[in-house]
Amino acid sequence: MKLSQLLEHLQYDVAEGSDGISVTELANDSRKVCDGSVFVCIAGANSDGHDYIEDVAKKGAAAVIVEKDVEAPEGMTVIKVADTRYALALMSAAYFGYPADKLKVIGITGTKGKTTTTYMIKSILEGVGHKVGLIGTIEAIVGDKVIPANNTTPESYLIQKYFAEMVEAGCDSVVMEVSSQGLMLHRTAGIPFEIGIFTNLGEDHIGLNEHKDFEDYKRCKSLLFKQCRLGIANVDDRWYEDVLAGAACKVETFGQSEKADLRAVDIRHISKPGYLGVNYHVSGLMDFDVEIDIPGEFSVYNSLTAIAVCRHFNVPAENIKAALKVAKVRGRIEMVKVSDEFALMIDYAHNAMALESLLNTLRDYNPGRIVSVFGCGGNRSRTRRYEMGEVSGRLADFTVITSDNPRFEKPQDIIDDIIAGIKKTDGRYIDICDRKEAIKYAIANGQPGDVIVIAGKGHETYQEIEGVKHDMDDRVLIQESLREIAEGR
């Protein structure tokens, strides 16, 4: 294809060579460059693609896309743009033949609720015959293929590649999580979203290598509503008006308040031996009862979001109800049977907002005790540690502080920060650095009526230590703990 075809929706300058040349491949990873490639130079946190121009030239690259002044070997075409990340997004769409134009793309942004809501939407739509792709925190689902995820929102080239494969697999729609990082780094630039969704906003992802402050985090979330046809938003969230202020789309709302277009009313918590759930009545734009086998108010919001979306696909109420009754997501309020006397669940809650929401939800079910087991990731905002410690100390009856992705920090240093937060409360706690030993302690000391929450890892199956991801799955640790307890170890 002609280089000019890939650049057709961009403003650019031809610094050297010609935009009329033919190119074979589009790449932003120098290791994947081959003869005739066009290489997009991305300045990342750890390396800068502009430093690899000599290397890609030796591999036969025909052209480079840059945002800086560079020296290139003779005969190489150099195209200069304002932002190479933005250029990569639009060039990727062109390279794969604009596959998003052949799909109804549903994008979900918000601090929490994105993952569960994507699976709920997928479940409901597939129940009435749609073939739905998914891109999110846990995995990408492309037809019958499941691909583990590295980022909530992948790089733009990979998104467009997935879209093209979804079209090839016969998908008519895709639901995807749209992170603030993804929006900030233009990974979703140029995607014609059919529906954009705002779930909620809390102070998260602020710090080194993330967002400089809350205002920037909020601004990035709002970008989704400048590139979708319809916005569906949680009107109960305190930041609703800020996030939707500059929306260039029609907006519908959901929530519990009277001003919501789609409302959840008459909410009731359901508690039976080994079972926690919730039911409510949908009013406003639709009118029916719903029951969900996942506890809590956030389950109400997640399911209401899914209902608001699927209404635009003309899904009958009965189909929505049936799909929501069986909807479950790995690592999101995932119940694990360990005892007839107390309950245990795994959840991805890894910030203060999510943990507070979860613990408050469980308190509504009047458990004997809430036992919270969690740690915090290294090389992330220290504020998160203090806040999570304070939340657990205030809302749990007992806290077991442990390790969770220490990365390049010492695990005990992170634990000490969490302890500083918990000491602001009267909460009882113990710290056990080894995560399996922490889980075993919680199970071995479980009391009748307890609810034990193992928080932070959720679906993850690794522990990241000094740049290396080691196999570790909370589900496996639970089973190993049960065996050791049974053997008296």
Side-chain angles (χ1 to χ4, degrees), residues 106-125 134-139 149 152-153 175-183 193 195-205 217-218 220-222 224-225 228 231-240 243-244 252-257 260 262-264 267 277-278 280 282 290 292-310 320 323-324 327-334 345-362 364 453 455-456 458-459:
I106 304 160
I108 305 179
T109 198
T111 303
K112 57 190 180 73
K114 299 188 297 294
T115 301
T116 300
T117 306
T118 57
Y119 284 90
M120 285 181 170
I121 292 170
K122 178 177 168 63
S123 177
I124 295 169
L125 292 181
L134 183 145
I135 300 174
T137 301
I138 298 175
E139 61 202 0
T152 296
T153 306
V175 58
M176 64 181 291
E177 297 182 50
V178 182
S179 68
S180 55
Q181 286 280 95
L183 288 160
F193 287 97
I195 300 175
I197 299 155
F198 168 64
T199 60
N200 49 63
L201 196 63
E203 295 207 23
D204 192 23
H205 302 295
Y217 181 46
K218 185 166 57 175
C220 289
K221 290 291 188 191
S222 71
L224 177 61
F225 304 97
C228 63
I232 296 178
N234 176 7
V235 74
D236 295 343
D237 189 82
R238 64 178 294 195
W239 302 111
Y240 158 76
V243 173
L244 275 295
E252 288 181 3
T253 60
F254 64 90
Q256 295 184 39
S257 67
L262 191 73
R263 297 185 296 280
I267 298 169
V278 65
Y280 64 93
V282 181
V290 173
I292 307 161
D293 293 354
I294 308 171
E297 188 173 84
F298 47 79
S299 296
V300 173
Y301 279 99
N302 293 341
S303 57
L304 198 60
T305 309
I307 293 166
V309 170
C310 293
I320 292 175
L324 289 176
K328 287 182 175 57
V329 184
R330 180 179 170 87
R332 268 58 175 183
I333 313 288
E334 181 182 346
M345 65 179 63
I346 297 170
D347 191 77
Y348 189 53
H350 62 289
N351 58 55
M353 180 185 180
L355 187 62
E356 181 165 15
S357 176
L358 176 60
L359 297 181
N360 275 327
T361 289
L362 297 176
D364 290 339
V453 178
H459 62 280

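For the single chain, residues carry numbers from 1 onward in sequence order. Both backbone and side-chain heavy atoms feed into the values below; hydrogens, waters and symmetry mates do not.
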Spacing of CZ belonging to R263 relative to CG belonging to L304, to within rounding of 0.5 Å | 10.0 Å
Results of ring pair (Phe, Tyr, Trp, His ring centres under 6.0 Å) for F225 - residues two or more places apart only = none
If every non-hydrogen atom of K114 is compared with every non-hydrogen atom of T152, which pair is closest and at what distance?
-> CE-CG2, 4.3 Å
Taking all heavy atoms of K112 and all of A354, pick out the closest pair and write down the distance.
-> CD-CA, 4.0 Å
Do V175 and L125 come close enough that some side-chain heavy atom pair is under 4.5 Å?
-> no
State which residues pass salt bridge (charged side-chain N to carboxylate O under 4.0 Å, His left out) with K221; sequence neighbours excluded, sorted by chain then number.
-> none
With a 3.5 Å cut-off and no angle check, do the side chains of S303 and Y280 form a donor-acceptor pair?
-> yes
Run the numbers on I307 and V290 for side chain to side chain contact (heavy atoms under 4.5 Å, CB included), then give the verdict.
-> CA-CA 10 Å; I307 293 166; V290 173; 4.1 Å; yes
Taking every non-hydrogen atom, the tightest pair across V235 and A260 | CG1-CB, 3.7 Å
Would you name the heavy atoms of T361 and G296 that are closest together and state the gap between them?
-> CG2-CA, 3.0 Å
Gap between atom CD1 of I124 and atom NZ of K122 - 0.5 Å precision | 12.5 Å
T116 side chain to G113 main-chain N or O, any donor-acceptor pair under 3.5 Å?
-> no
Please test L362 against M345 for side chain to side chain contact (heavy atoms under 4.5 Å, CB included), starting from the C-alpha separation and ending with a verdict.
-> CA-CA 11 Å; L362 297 176; M345 65 179 63; 3.7 Å; yes
Nearest heavy-atom approach of C310 to I320 is CB-CD1, 4.5 Å
Do L224 and F198 have side chains that get closer than 4.5 Å, going by heavy atoms?
-> no
Could you tell me whether the side chain of Y119 reaches within less than 4.5 Å of the side chain of I138, counting heavy atoms only?
-> yes
Any donor-acceptor pair under 3.5 Å from S357 side chain to M353 backbone = no
Separation of S123 OG from L134 CG (nearest 0.5 Å) = 11.5 Å
N200 side chain to G110 backbone, donor-acceptor under 3.5 Å = no
So among D236, D237, N234, which one has a side-chain hydrogen bond (donor to acceptor under 3.5 Å, both in side chains) with Y301?
-> D236
Quick one: list whatever passes salt bridge (charged side-chain N to carboxylate O under 4.0 Å, His left out) with E297, sequence neighbours left out.
-> none
Do Q181 and T153 have side-chain N/O donor and acceptor atoms under 3.5 Å apart?
-> no
In terms of side-chain heavy atoms, does E177 have a donor or acceptor partner in T137 at a distance below 3.5 Å?
-> yes
Can T199 and N302 be said to form a side chain to side chain contact (heavy atoms under 4.5 Å, CB included), step by step?
-> CA-CA 8 Å; T199 60; N302 293 341; 5.5 Å; no
Here the pair of heavy atoms bringing V278 nearest to I294 is CG1-O, 3.5 Å
Distance col, row E139:CD vs R330:CZ, nearest 0.5 angstrom, shows 9.0 Å
Side chains of T118 and I106: closer than 4.5 Å at any heavy-atom pair?
-> no
Side chains of F193 and V178: closer than 4.5 Å at any heavy-atom pair?
-> yes
What distance do I197 atom CD1 and I232 atom CD1 have between them, rounded to the nearest 0.5 Å?
-> 5.5 Å
Looking at CG of L201 and OH of Y217, how far apart are the two atoms once the value is rounded to the nearest 0.5 Å?
-> 5.5 Å
Beyond-backbone contact of I121 with I108, side-chain heavy atoms, under 4.5 angstrom = yes
Is there side-chain contact between V243 and K218, with at least one heavy-atom pair below 4.5 Å?
-> yes
